[in-house]
Amino acid sequence: MSTVTPDSLKTNFLPTWCPGCGDFGIWMALRDALANLRIGSDDGLIVYGIGCHGNMHDWVNMYAIRALHGRTLPVAQGAKLVNHKLPVVIISGDGDCLGEGGNHFIHAAKRNPDLTVFIHNNEVYGLTTGQASPTAQAGFKTKSTPEGAVDEPVNPLTLAIASGATFVARGFAGDMQGLSALMKTAIEHKGFSVVDILQPCVTFDKVHTYQWYRQRVYKLETIPENKIKALEKAMEWGDRIPLGVFYKENKPTSEDRESALADKPLVDLPLTIENLEGLLNEFY
Amino acid sequence: MMDSVTWKIGGEAGFGIMASGTMLCRTFSRAGYHVMATNDYPSLIRGGHNFITVRIATEEFASMNRDVHILVALNYESVEKHKEELMDGSLVIFDPKDGEWKEGDFQKKVKLLPVPFREIVGKFTADPVMRNTVALGVTVALLGAPFERLSSVITDQFKKKGEEVVKQNLTIAKAGYDFPSEKSFVLGPSKKKERLLVINGSEAVGVGAVRAGLKFAAIYPMTPINALITFLADHAKNLKLVYKQPEDEIAGINMAVGASIAGVRSMVATSGGGFALMVEGLSFAGVVEAPLVIDMGMRVGPATGMPTYTEQGELQFVIHAGHGEFPRIILAPSDIGEAYSLTVDAFNLADRYQVPVFVLTDKYLNESQWSLPQSALSGSVEIDRGKLFSSDSKNSNGEFKRYSLDVSDGISPRSFPGMKKGLYHADSYEHDEVGHVTEDTSMRTKMSLKRLKKLEAMKKDMKAPKIVGDSEAEITFVSWGSSKGPILEAMKLLAAKGKKTRLIHFSWLFPFPAEEATKLLSPVTRLIDVEQNATGQLASLIREHTGILIKEKILKFDGRPFYPEEIVEKL
Ligand SMILES: Cc1ncc(C[n+]2csc(CCOP(=O)(O)OP(=O)(O)O)c2C)c(N)n1
Ligand code: SF4
Ligand SMILES: [Mg+2]
């Protein structure tokens, strides 16, 4: 068996992200985490959204679906229900996951599929050249908010916890090692895992720089013991920004609750009907 | 003795009107009669005016007719609203508590049979809702059938609810059965040949899907495809498939595409409004070349329209839906048998060509019930999963070329995630042979042509329009989908008047069979296009692909299916 390394999970294409983009750190951490979990190129599926984050599609050597903008979660849920033995990971953006795909996010969390979603949170729409994203802090000036964003931001963590996600964490693209470890734990968790990743956009966000984050982030020592405490921690933002696991719970997954999947993945089942007579009798 | 009887029962929603139609159908289909039931109900749960019409005949027939022999009114409106459909000799059954109608209140020479429904039900201290069971008893007696036929159907229907419920329904049905003193509409003997089932269009689509090996469906509820949801959800466990209720139709189609890419046969079903939300996902299936079956149940639009009424208004919509250019197949079942068989075909075509395939149904087909020989649903089914991965299609880097350009028919083999050495990328961007993004002029042109080449390849599978009737005909009807039934019945009426007619009918609509259509249509002197929409969408399609202009049209778009009599009158 060939060994899986971060390099073996790389394609021959060179990333086209802006030099210094936080997406590089996430890309390295993801391959590192997958290699540590021994998930090789043929062994897993990554579903990507549309945005700068989704461009990672061409630089990771693993089965991939690059979905439509905002639709990663439904596509991933469909694939996972068909082959629940297959590790499925999602690379999404704050716009992709919480704007265009916001409804899918709430419902995925409520169903608890065994999926892991990494949200590249850069407070902007990078690929469309820097408009405000749903996570943009009030007052944040972007191309679409020249006077500063007027709305309050969506908090991916509180939304995930309130909607029923069973693993909710925050990482930082500027801390490759810490992020890789967090991504590994998230993928290992059986259930819907959400990791909000603080990702500096060096081109369209001159406020939330690596420096800005480094001055503020700190690591949670322990996982808050219940949802209320998790929500409290998740609301902390400003001078101090917590990183780490905010909430974790073991619950049956969507796949656990489908009786058709009890023996084998759907993709391995025969296509013929055993008791056709019995089925048709219903119409007699 | 009668060879065909049409029966109508009307009342408020929530009065078990629909269930009584089904039970009457089964009572006679089990004895070998051909039956059909159509329903008509407003979009609400309680109140309003609901009715169901059942036709029972000794010979096979293709659609409902307009003239009603027996009208059962469970409320005042049911008499007033349907007066006009009665003929000389029709029988009106009503509760005298709802109105004191006299024979003179009707234009036609009808007979009246007052039945004290409420009193009968009250005598057995039963729920007033059970008036429909009394009506069933009365009807079966009038048609001259033994009570045992009805009682076995009632027993099967209520078994799940316990013995008490069965007993009470039987008692009440018997009281109804014993009520009429004469049997005025006795049906001739049936020509029973084989076991007949009673099934609606959505269920027939469902049986087709599971026989074709459907494993995944994501369907957001919407009239008229809700019976398909019930069927799939009820059988998910024993047939080992997953039915998922998505948060919206956008999620539905994207889940189904994910499931398809992961390796199983998957489908969605919806109506116009839900499909409007799926349009972007359709284009996604198109570019990643994922097989997908879409049961598109048409109803009255635009927008929310008339949700529980029928129309054939989405033919041009499904042909043109989706941004960008990519191939698709559109099949429109013309009857209950095709609702099943074309669904099976749809799954094979989807896998063979790796494209979205539409089964274009409508409210009339989906929610009406028909008798159908069991053998029509139980024959052997051939499953063709199309070209699948083998390890020899590689590019110079040794990667699997999922979207290989090296294929004359445009169809390249596909792998499923998790297969060793089958790695590829399913990219919603334009992509190269492995699935990596490209904006290269030459690759883009080639990839686009690769996908569109399939249109040419598909032609060999597309079936020519069906021809029914006389080659010497003075009139040739042209139609598609479920309009076929009423036209066939209209042709019978015309034949009885000595008029020779013919029908050229399209179930395989896209890619449009232009050559056959030209051959068939160009020599005809009098063509009449018959469709359930306001603009003649098939006629436009024919004009587009053959140049033939059909000037005469019979179009109906009031939400109600054609009656054969109407078609005759419009000539
Ligand atoms: C339906 C649709 N609407 C709009 C777009 C244009 N679009 C592409 S990426 C994007 C936003 C990306 O923002 P985000 O998800 O935060 O990703 P980032 O680029 O910041 O990584 C938009 C609006 C699209 N591709 N599809
Ligand atoms: S625009 Fe921002 S998010 Fe996009 S690649 Fe450049 S730095 Fe990264
Ligand atoms: Mg973003």
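So you know, we letter chains A, B, ... as the sequences are listed, proteins then strands, and number each from 1. As the structure is a computational prediction, the values presented were derived from the model and not from experiment.
Neither the backbone nor the side chain of Y48(A) comes within contact range of chain B; no heavy atoms are under 4.5 Å apart. Of the two parts of T11(A), only the side chain, counted from C-beta on, holds a non-hydrogen atom closer than 4.5 Å to a non-hydrogen atom of chain B. Using a 4.5 Å cut-off between heavy atoms, S415(B) contacts chain A through its side chain alone, with no backbone atom that close. With a threshold of 4.5 angstrom between heavy atoms, P265(A) does not approach chain B through any atom at all. In this structure, chain A has a heavy atom under 4.5 Å from the side chain of R26(B), while its backbone stays farther away. Using a 4.5 Å cut-off between heavy atoms, L372(B) makes no contact with chain A at all. Of the atoms belonging to H431(B), not a single heavy atom falls under 4.5 Å from chain A. For I106(A), no part lies near chain B; criterion is any non-hydrogen pair under 4.5 Å. Heavy atoms closer than 4.5 Å to chain A are found nowhere in A256(B), neither backbone nor side chain. In this structure, chain B has heavy atoms under 4.5 Å from both the backbone and the side chain of N281(A). If you measure heavy-atom distances from V207(B) to chain A, the contacts under 4.5 Å come from the side chain alone.
To the nearest 0.5 Å, atoms CG (L280(A)) and CD (Q374(B)) are separated by 5.0 Å. Atom CD of E277(A) is separated from atom OG of S378(B) by 7.0 Å, given to the nearest 0.5 angstrom. Summarising the geometry, atom CH2 belonging to W59(A) is positioned 11.5 Å from atom NE2 belonging to H436(B); distances are rounded to the nearest 0.5 Å. Interatomic distance, OG1 of T272(A) versus CD1 of I383(B), reported as 7.0 Å (0.5 Å rounding). Rounding to the nearest 0.5 Å gives a distance of 4.0 Å between CG of L68(A) and CD of E280(B). Taking CG from L196(B) and CZ from F283(A), the interatomic distance works out to 14.5 Å, rounded to the nearest 0.5 Å.
The pair D42(A)-K420(B) does not count as a salt bridge, with every side-chain nitrogen at least 4.0 angstrom from each carboxylate oxygen. Classification of E247(B) and R111(A) as a salt-bridged pair holds, one side-chain N sitting under 4.0 Å from a carboxylate O.
More than 12 heavy atoms of other residues, nucleotides or ligands sit less than 6.0 Å from atom CD of E194(B).
When each of H104(A), E274(A), H107(A), H69(A) is scored by its heavy-atom pairs under 4.5 Å with chain B, the top score falls to H104(A). Ranked by non-hydrogen atom pairs under 4.5 Å with chain A, the options V434(B), I199(B), L239(B) are led by I199(B). The candidate from L45(A), L266(A), I46(A), N61(A) with the greatest count of non-hydrogen atom pairs under 4.5 Å with chain B is L266(A). For the options V88(A), I273(A), D43(A), N12(A), heavy-atom pairs under 4.5 Å to chain B are most numerous at I273(A). Heavy-atom pairs under 4.5 Å with chain A peak, among D248(B), D234(B), V288(B), N238(B), at D248(B). Highest contact tally toward chain A, considering only G252(B), A251(B), G263(B), is held by A251(B) [criterion: heavy-atom pairs under 4.5 Å]. Here V210(B) is the residue among V210(B), V153(B), V287(B), N200(B) with the most heavy-atom pairs under 4.5 Å with chain A. For the set H235(B), R30(B), M419(B), the entry with the most heavy-atom pairs within less than 4.5 Å of chain A is R30(B). Each of N83(A), I50(A), L261(A), L73(A) has some count of heavy-atom pairs under 4.5 Å with chain B, and the biggest count is that of I50(A). Chain A forms more heavy-atom pairs under 4.5 Å with one residue of P417(B), A262(B), G418(B), G422(B) than with any other, namely P417(B).
One N or O on the side chain of D58(A) and one on the backbone of V437(B) form a donor-acceptor pair closer than 3.5 Å. Side-chain N or O atoms of S428(B) include one that pairs as donor or acceptor with a backbone N or O of R66(A) at under 3.5 Å.
Counting only heavy atoms from C-beta outward, the side chains of L276(A) and R211(B) approach each other to under 4.5 Å. Side chains of E282(A) and F231(B) form a contact here, defined as non-hydrogen atoms less than 4.5 Å apart. A 4.5 Å side-chain heavy-atom check between I250(B) and R71(A) finds at least one atom pair inside the cut-off. A heavy-atom distance below 4.5 Å is found between the side chains of L81(A) and K244(B). A 4.5 Å side-chain heavy-atom check between V264(B) and L271(A) finds every atom pair outside the cut-off. Between M255(B) and V75(A) the shortest side-chain heavy-atom distance does not fall below 4.5 Å.
Contact between A260(A) and A236(B) at its shortest, heavy atoms only, is CB-O, 4.2 Å. Looking at every heavy atom in both residues, S259(A) comes nearest to K237(B) through OG-CG, 3.2 Å. Taking every heavy atom of both residues into account, M62(A) and L423(B) meet most closely at C-CD1, 3.1 Å.
Within the cation-pi definition used here (under 6.0 Å to the ring centroid, within 45° of the axis), R195(B) qualifies as a partner of Y284(A).
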Next item on the list: Starting from the C-alpha separation in whole Å, work towards a yes-or-no answer on side-chain contact (heavy atoms from CB on, under 4.5 Å) for L86(A) and F416(B).
Entry: CA-CA 11 Å; L86(A) 190 76; F416(B) 307 142; over 6 Å; no
Margin query: Let's go through I261(B) and Y63(A) carefully: what are the C-alpha distance in whole Å and the side-chain angles of both, what is the deciding distance for side-chain contact (heavy atoms from CB on, under 4.5 Å) to 0.1 Å, and is it a yes or a no?
Written below: CA-CA 11 Å; I261(B) 293 172; Y63(A) 271 107; over 6 Å; no
